[in-house]
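Please read the structure below before turning to the comments.
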Amino acid sequence: MQDKLTLMIPGPTPVPETVLQAMARHPIGHRSGDFQKIVRRTTEQLQWLHQTKGHVLVLTGSGTAAMEAAIVNTLSRGDKVLCGDNGKFGERWVKVAKAYGLTVEVIKAEWGQPLDPEAFRAALEADTAKEIRGVILTHSETSTGVINDLQAIAGHVKAHGTALTIADCVTSLGACDVPMDAWGVDVVGSGSQKGYMMPPGLSFVAMSERAWTAYERSDLPKFYLDLGKYRKAADDDSNPFTPAINLYFALEAALGMMQKEGLEAIFARHARHRRATQAAMKAIGLPLYAAEGHGSPAITAVAPEGLDAEVLRKHVKERFDILLAGGQDHLKGKVFRIGHLGFVCDRDVLTAVAAIEATLQALGLAKAPTGAGVAAAAAALAG
């Protein structure tokens, strides 16, 4: 059936009709008073979402642009950083940090396992010379469906006194509680095609006062990603370069919907969908990939036994027009991932579970009576 594709991946995520309609408006001048009003309004909305009184800056680019901006605006050549690596995106930040000539100490965990806050504490406490300038980690590791303990790690960084906490919150912001100021996180990066319920194209960088102090000493090269320019422009309700104007329209509409729902309700919804999806997969007999108790509220990774995950994904897409995410790198064919991030409701979760059950039945690989997964999900959603 044409135009029926349902996205159950960690991004891009489904976009509400209200947001699509807002984006369809005719562009306006980005130096106009009308646009300044939108910048002023969205700035307040972004501060609400990030739970911060500091600057939240908008870039035209993906979430990777936000994270690269975080690094080049707060660090200097040769600075020592700790980089958490327990998945594909942890690996990426190690690569970005090394690309800018930083001295990188990697704190690893196996894929599917969370980063150990105690490993960060030990490394930071051992740094009596205060050489560590930054701790970089991914909050929600999309490749494995693991949520890392950002609050605990940020607490250890704060106790260090010199280092900054730089967090990739691309698939956690808008899915779970990330109270930036309360936790003492210095830099938070995110992207529009995730919890924001928008198409790709915008990224966001929130900076603490400690991060701005670090900016003054930073000597890494930057021009388009120079956040000082964005801060100066934001103080005048503007943008230093030509922004994606229609995505600003979408941003205002999406954040308005989120404010109407409320932060606690948003977080509760994502937690409920995580519980339902996990319960369904267990009832079907499909093992979860993420360590028990550390599943991300944005996505559930599933490691089926005796089945090529790509075959299941292909069948679900061709028969039901539901797109699930595959495994990355060495997990390709071994893992599939069910996104429940952003504009996702109970119906979407139940539909995806039913499609997976029907696929297993059609392939002759069902390990449980058909309907067991839907029943488990329904019970979790009702709880």
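All values below were derived from every heavy atom in this structure, side-chain atoms included, with hydrogens, water molecules and symmetry-related copies excluded. Heads up: numbering here begins at 1 and tracks the sequence.
Between Phe223 and Phe241, the two ring planes are tilted [angle within 30° to 60°]. Taking the six-membered ring for Trp and thresholds of 30 and 60 degrees, His315 and Phe320 have ring planes inclined between 30 and 60 degrees apart. Aromatic ring pairs are classed by plane angle as parallel below 30°, tilted from 30° to 60° and perpendicular above 60°; the pair Trp212 and His55 is perpendicular.
Side-chain contact check for Tyr215 versus Lys222: some heavy-atom pair is nearer than 4.5 Å. The side-chain heavy atoms of Val302 and Tyr289, taken from C-beta on, include no pair separated by under 4.5 Å. Residues Tyr224 and Pro240 have side chains not in contact (no heavy-atom distance under 4.5 Å, counting atoms from C-beta outward). Side-chain atoms of Arg337 and Thr142, non-hydrogen and from C-beta on, do get closer than 4.5 Å to each other. By the 4.5 Å heavy-atom criterion applied to side chains, Met198 and Val15 are not counted as neighbours. Counting only heavy atoms from C-beta outward, the side chains of Tyr196 and Leu46 approach each other to under 4.5 Å. You'll find the side chain of Thr165 stays beyond 4.5 Å of the side chain of Ile153, heavy atoms only. Side chains of Gln193 and Thr13 form no contact here, defined as non-hydrogen atoms less than 4.5 Å apart.
Nearest approach of Pro297 to Ile147, heavy atoms of both residues: CD-CD1, 4.0 Å. The nearest pair of heavy atoms linking Arg31 to Ser238 is NH1-OG, 2.8 Å. Of all heavy-atom pairs between Ser192 and Gly201, the closest is OG-N, 3.4 Å. Closest approach of Ala380 and Arg272 over heavy atoms only: O-CG, 4.2 Å. The nearest pair of heavy atoms linking Val344 to Met8 is CG1-CE, 4.4 Å.
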Quiz item: Should Trp111 and Asn86 be marked as a side chain to side chain donor-acceptor pair (under 3.5 Å) after you check the CA-CA gap, both sets of side-chain angles, and the distance that decides it?
Solution: CA-CA 5 Å; Trp111 286 36; Asn86 65 328; over 6 Å; no
Exercise. Check step by step if salt bridge (charged side-chain N to carboxylate O under 4.0 Å, His left out) holds for Lys314 and Glu310.
Key: CA-CA 6 Å; Lys314 182 173 183 290; Glu310 291 302 296; over 6 Å; no
Exercise. Take Gln259 and Gln45 through the side-chain contact (heavy atoms from CB on, under 4.5 Å) test and state the conclusion after the steps.
Key: CA-CA 8 Å; Gln259 286 183 311; Gln45 292 173 313; 3.4 Å; yes
Exercise. Mind running side chain to side chain donor-acceptor pair (under 3.5 Å) on Thr162 and Arg133 for me, showing each step along the way?
Key: CA-CA 6 Å; Thr162 299; Arg133 291 286 184 169; 5.9 Å; no
Quiz item: Could you go step by step and tell me if Asp219 and Arg77 meet the salt bridge (charged side-chain N to carboxylate O under 4.0 Å, His left out) rule?
Solution: CA-CA 7 Å; Asp219 65 7; Arg77 292 178 180 86; 3.6 Å; yes
Quiz item: Passes side-chain contact (heavy atoms from CB on, under 4.5 Å), Ser190 versus His50? Steps please.
Solution: CA-CA 10 Å; Ser190 58; His50 288 74; 4.1 Å; yes
Practice problem: Would you please test Leu227 and Leu59 for side-chain contact (heavy atoms from CB on, under 4.5 Å) and show each step? | Solution: CA-CA 9 Å; Leu227 296 181; Leu59 312 178; 4.0 Å; yes
Exercise. Apply side chain to side chain donor-acceptor pair (under 3.5 Å) to the pair Gln361 and Thr370, showing each step before the final yes or no.
Key: CA-CA 7 Å; Gln361 184 185 51; Thr370 300; 3.2 Å; yes
Practice problem: For Asp308 and Lys334, run salt bridge (charged side-chain N to carboxylate O under 4.0 Å, His left out): C-alpha distance rounded to whole Å, both residues' side-chain angles, the deciding distance at 0.1 Å, then the answer. | Solution: CA-CA 6 Å; Asp308 186 337; Lys334 299 178 181 178; over 6 Å; no
Exercise. Applying side-chain contact (heavy atoms from CB on, under 4.5 Å), run through Leu124 and Leu82 and close with a yes or a no.
Key: CA-CA 9 Å; Leu124 289 162; Leu82 302 181; 4.0 Å; yes
Self-check item: Verdict with supporting geometry, Asp177 and Gln151, side chain to side chain donor-acceptor pair (under 3.5 Å)
Solution: CA-CA 10 Å; Asp177 201 16; Gln151 181 180 9; over 6 Å; no
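The residues Arg210 and Asp186 are annotated as salt-bridged, a charged nitrogen and a carboxylate oxygen being separated by less than 4.0 angstrom. A salt bridge links Glu292 and Lys282; the closest N-O separation between the charged side-chain nitrogens and carboxylate oxygens is under 4.0 Å. Checked for salt-bridge contact, Asp226 and Lys232 miss the test: no charged N lies under 4.0 Å from a carboxylate O. Ionic pairing of Arg269 and Asp346 is not present here: no N-O contact between side-chain nitrogen and carboxylate oxygen is shorter than 4.0 angstrom. A salt bridge links Lys88 with Asp329: the closest approach of a Lys/Arg side-chain nitrogen to an acidic carboxylate oxygen falls below 4.0 angstrom. Using a 4.0 Å cut-off between a side-chain N of Lys or Arg and a carboxylate O of Asp or Glu, Glu216 and Arg231 qualify as a salt bridge.
Residues satisfying the side chain to side chain contact (heavy atoms under 4.5 Å, CB included) criterion with Pro27, sequence neighbours excluded, are Asn246. The side chain to side chain contact (heavy atoms under 4.5 Å, CB included) search around Ala379 returns none, not counting sequence neighbours.
Because its NZ or CZ atom is not both nearer than 6.0 Å to the ring centre of Phe336 and within 45° of the ring axis, Arg313 does not count as a cation-pi partner of that residue.
To the nearest 0.5 angstrom, Thr43 atom OG1 is 8.0 Å from Leu57 atom CG. Rounding to the nearest 0.5 angstrom, the gap separating the CG atom in Leu381 from the CZ atom in Arg347 is 13.0 Å. Here the CG atom belonging to Leu137 is positioned 11.0 Å from the OG atom belonging to Ser140, to the nearest 0.5 angstrom. His139 contributes atom NE2, which lies 5.0 Å from atom CG of Leu150 (distance to the nearest 0.5 angstrom). Taken to the nearest 0.5 Å, the CG atom of Leu220 stands 8.0 Å off from the OG1 atom of Thr74. In this structure, CZ in Arg92 is found 10.5 Å from CE in Met67, a value given to the nearest 0.5 Å.
Each of Met23, His30, Arg25 was checked for a side chain to side chain contact (heavy atoms under 4.5 Å, CB included) with Ile245, and the lone residue meeting it is His30. Just one of Gln36, Arg41, Arg40, Lys37 meets the side chain to side chain donor-acceptor pair (under 3.5 Å) condition when paired with Asp237; it is Arg40.
Atom NE2 of His26 is surrounded by 12 or fewer heavy atoms from other residues, nucleotides or ligands within 6.0 Å. Annotation for Glu118: atom CD counts as buried by contact number, over 12 foreign heavy atoms lying within 6.0 Å.
A single hydrophobic cluster is not seen to contain both Val135 and Val104; linkage of ILVMFWY side chains at heavy-atom distances under 4.5 Å, directly or through other members, places them apart. Under a hydrophobic-cluster definition in which Ile, Leu, Val, Met, Phe, Trp and Tyr are linked whenever side-chain heavy atoms come within less than 4.5 Å, directly or via other members, Val146 and Leu115 are assigned to different clusters. Residues Phe89 and Ile9 fall into different hydrophobic clusters, defined by Ile, Leu, Val, Met, Phe, Trp and Tyr side chains chained together at heavy-atom separations under 4.5 Å.
In the hydrophobic clustering (ILVMFWY side chains linked at under 4.5 Å, chained through shared members), Leu341 stands by itself.
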